[in-house]
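Before we start, here is the structure in question, set down as structure tokens.
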Amino acid sequence: MLDSKYLRSELTQTAERLATRGFVLDVAQISALEEQRRELQVATQELQNQRNSKSKNIGQAKARGEDIAPLLAEVEGLGAELDAAKIKLDAVLAELDQIALSIPNLPDLAVPVGKDETGNLEVRRFGDIPSFDFEPKDHVALGEALAGGLDFENAVKIAGSRFVVMKGQIARLHRALAQFMLDLHTEQHGYTELYVPYLVNKDSLYGTGQLPKFGADLFHTQPATEEGVGMSLIPTAEVPVTNLARDRIFDLAELPQKYTAHTPCFRSEAGSYGRDTRGLIRQHQFDKVELVQLTHPEHSMAALEELTGHAEKVLQLLGLPYRVMLLCTGDMGFGSSKTYDLEVWLPAQNTFREISSCSNMGDFQARRMQARFRPEEGKKPELLHTLNGSGLAVGRTLVAILENYQQADGSIRIPAVLQPYMGGKTEIRA
RNA sequence: GGAGAGAUGGCAGAGUGGUUUAAUGCACCGGUCUUGAAAACCGGCGAGGGUUAAUAGCCCUUCAAGAGUUCGAAUCUCUUUCUCUCCGCCA
């Protein structure tokens with residue numbers, strides 16, 4: 001959510017910046033509503049003021065034992081007038097609120113302007129793309145061959161498409177990856193590990209920006225009506241972890257807060273039918289190790305570089321080739337002001353695929369959540385900045401390991417850093 | 001799931017329809033005093049919003065949340081959420 005005062009005073013400029021990400025801001029509608037809002041709010045508050053002072057007079061007159069009948073006559077009709085004013089004001093406020101919640105974040109001025117993913121900028125690359133003296137298989141073929149380690153057929157029977165059953169050494173490798181990532185971030189990068197709810201309430205989803213616009217991307221325990229009191233399965237640990245800061249005021253010394261959590265993520269993948277239907281790339285349920293930082297506003301951009309580096313470190317230690325993309329205005333997520341995507345090399349597809357997305361949300365989520373810090377004892381609290389990134393998506397990392405570390409006979413070498421988590425084994429074979 | 005109790009400012013804790021503009025204490029901030037500190041004393045001290053050039057004034061909202069009664073609600077009524085105690089069930 002953008003600052004309403006800023007939105008009001010810099011309406012044209014805001015519309016221009018939002019246009020770079022393909023969002024059309026209805027300037028005329030907002031100005032008209034703002035004008036109504038101002039008039040109605042002033043009028044309503046004036047009526048409230050009258051009611052308060054007159055009621056107080058009645059109380060004092062009564063205490064003195066005076067006749068209050070004339071005073072009561074004075075306030076007659078005031079209540080009805082006030083109710084009417086309130087109803088009008090509430091309607092306008094609700095409309096403005098709905099608009100405000102639907103406006104995406106302003107892109108940072110350093111973000112390249114572009115229409116879609118073709119406008120993204122490659123920032124750097126790491127690692128050499130492996131060459132094979134045989135035709136590399138994709139992870140589905142490799143996983144199914146390894147004693148049915150990746151079992152999509154049974155997943156369909158149990159749940160449906162876009163689910164998987166993992167078995168044996170593949171299941172263990174999947175677990176090893178998550179453990180390795182958590183240990184790295186907690187022991188080397190200074191994050192505190194969290195275990196969080198996988199079902200969250202509506203307030204949390206509004207806080208991080210999934211609602212009101214993206215309810216269709218989530219699984220809900222009740223129909224996704226706005227008034228529904230049901231819970232929703234988390235699409236990312238960003239939701240429960242970032243919402244720890246909701247309605248909180250941190251001391252300056254408490255910042256930055258750095259959290260990591262390994263959770264399953266659930267996405268309905270609405271609108272993606274037909275895309276990535278094969279394999280683990282796009283699932284309804286997948287595991288992710290998430291990184292979240294709550295920072296002072298002045299430090300959030302530096303924190304984004306740092307957090308992205310923490311995610312990169314995972315790929316580096318696993319020896320997986322990747323590139324870092326700076327997303328353009330048109331390809332960024334709803335709440336982000338600046339985003340880096342990490343894309344890992346997948347030999348079977350002969351291309352880079354997204355494996356992590358690291359974003360500085362600025363004060364966008366903090367304003368929705370009222371997540372604040374006190375810059376100085378006795379001073380007013382200010383909004384903090386929130387950041388999050390995948391460190392990494394576990395399923396896609398598994399895909400990358402299988403494909404990049406495959407050998408001619410279909411066996412998989414295990415990267416050295418994972419071997420302690422795999423009982424000392426150096427490779428997986430059927 | 002059943003029975004009961006409860007939810008007030010950073011914390012503790014008064015307040016059961018109108019001098020409550022939420023008492024008091026602790027914590028915190030400023031000042032006086034002091035070589036300095038402590039103590040004592042004096043003053044200040046929640047959050048959100050509107051108006052405004054204003055971080056000045058003035059005003060509105062806020063005592064878990066929502067709805068209601070009333071000229072007036074922390075206080076009365078209803079609903080919801082959460083917490084605690086006991087019982088049941090359970091990993």
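Note on naming: letters A, B, ... go to the chains in the order of the sequence lines (proteins, then strands), and numbering restarts at 1 for each one.
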Take atom P in B:C45 and the same atom in B:C29, then report the distance between them in whole Å.
->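 Pairwise P distance, B:C45 against B:C29, rounds to 16 Å.
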When you compare B:U75 with B:A7, how far apart are their P atoms, in angstrom units rounded to a whole number?
->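 The same atom, P, in both gives a distance of 12 Å.
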Could you list the residues that satisfy side chain to side chain donor-acceptor pair (under 3.5 Å) with A:Gln365, not counting sequence neighbours?
->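 Testing A:Gln365 for side chain to side chain donor-acceptor pair (under 3.5 Å), a comparison that skips the adjacent residues, returns A:Glu238, A:Thr386.
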Taking the same atom, C1', in B:G57 and in B:C63, what whole-Å distance lies between them?
->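 27 Å, rounded to whole Å.
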Reckon A:Arg372 has a side-chain N or O less than 4.0 Å from the OP1 or OP2 of B:G48?
->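 For B:G48, OP1/OP2 do have a side-chain N/O of A:Arg372 under 4.0 Å.
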B:A27 versus B:G13 - spacing of their C1' atoms, nearest Å |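 Nearest-Å result for B:A27 against B:G13 at atom C1': 14 Å.
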Separation of A:Gln60 atom CD from B:U19 atom P, in whole Å?
->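 After rounding, the gap between these two atoms is 8 Å.
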Kindly say whether the aromatic ring centers of A:Phe163 and A:Phe152 come within a distance under 6.0 Å.
->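 No.
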A:Glu382 CD to B:A47 P, straight-line distance once rounded to whole Å =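 The distance from CD of A:Glu382 to P of B:A47 comes to 12 Å, rounded to the nearest Å.
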Using Watson-Crick pairs (N1 to N3, plus N6-O4 or O6-N4) and G-U wobble pairs, both distances under 3.5 Å, which stems of at least 3 pairs involve RNA chain B?
->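 RNA chain B stems, ordered by first number: B:1-7 with B:81-87, B:10-12 with B:24-26, B:28-32 with B:40-44, B:46-51 with B:57-62, B:64-68 with B:76-80.
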Starting from C1' on B:G48, measure out to CG on A:Leu383 and report it in whole angstrom.
->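 Distance check: A:Leu383 CG to B:G48 C1' gives 12 Å.
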Using the C1' atoms only, state how far B:U51 lies from B:C11, rounded to an integer number of Å.
->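 Their C1' atoms lie roughly 35 Å apart.
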Measure centre to centre between the rings of A:His284 and A:Phe266, then say whether the value is under 6.0 Å.
->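 Between A:Phe266 and A:His284, which both carry aromatic rings, the centre distance is not below 6.0 Å.
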Sequence neighbours excluded, which residues qualify as side chain to side chain donor-acceptor pair (under 3.5 Å) partners of A:His262?
->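 Side chain to side chain donor-acceptor pair (under 3.5 Å) check on A:His262 returns A:Asp287.
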List for me each residue that meets side chain to side chain contact (heavy atoms under 4.5 Å, CB included) alongside A:Ala61, sequence neighbours excluded, and say none if there are none.
->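 A:Ala61 satisfies side chain to side chain contact (heavy atoms under 4.5 Å, CB included) with A:Arg64, A:Glu66, A:Ile68, A:Leu71 only.
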P atom, B:A73 versus B:A22: distance in rounded Å?
->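 After rounding to an integer number of Å, I get 13 Å for this pair.
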With sequence neighbours left out, which residue pairs that include part of residues 146-161 of chain A fulfil the side chain to side chain donor-acceptor pair (under 3.5 Å) condition?
->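 Of all non-adjacent pairs touching residues 146-161 of chain A, those that pass side chain to side chain donor-acceptor pair (under 3.5 Å) are A:Asp151-A:Asn154, A:Asn154-A:Lys157.
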Rounded to the nearest 0.5 Å, how far apart are OG1 of A:Thr44 and CD of A:Glu81?
->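 It is 10.0 Å, given to the nearest 0.5 Å.
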Centre of A:Phe250's six-membered ring, under 6.0 Å away, within 45 degrees of the axis: is that where NZ or CZ of A:Arg248 sits?
->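 Relative to the ring axis of A:Phe250, which defines the angle, A:Arg248 lies inside both limits.
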Rounded to whole angstroms, how far apart are CZ on A:Arg367 and P on B:G48?
->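 That distance rounds to 12 Å.
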Contact under 4.0 Å: A:Arg374 side-chain N or O vs B:A47 OP1/OP2 |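 Checking A:Arg374 against B:A47: at least one side-chain N or O falls below 4.0 Å of OP1 or OP2.
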Would one find more than 12 heavy atoms of other residues, nucleotides or ligands at under 6.0 Å from atom NZ of A:Lys54?
->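 For A:Lys54, atom NZ is crowded (more than 12 foreign heavy atoms under 6.0 Å).
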Pairwise C1' distance, B:G1 and B:G18 [rounded to whole Å] =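 Pairwise C1' distance, B:G18 against B:G1, rounds to 45 Å.
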Worked verdict on A:Tyr191 versus A:Leu307 for side chain to side chain contact (heavy atoms under 4.5 Å, CB included) = CA-CA 10 Å; A:Tyr191 290 78; A:Leu307 185 148; 3.9 Å; yes
Nearest whole angstrom, please: distance from the C1' of B:G10 to the CG of A:Leu252.
->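 Computing the A:Leu252:CG to B:G10:C1' distance gives 17 Å.
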What integer number of Å spans the C1' atoms of B:A38 and B:C86?
->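 So the two C1' atoms sit 49 Å from each other.
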Once base and sugar-phosphate atoms are separated, protein heavy atoms under 4.0 Å mark nucleotides 49-71 of chain B, 5' to 3', with B, S and - as BSSS------BSS---------B
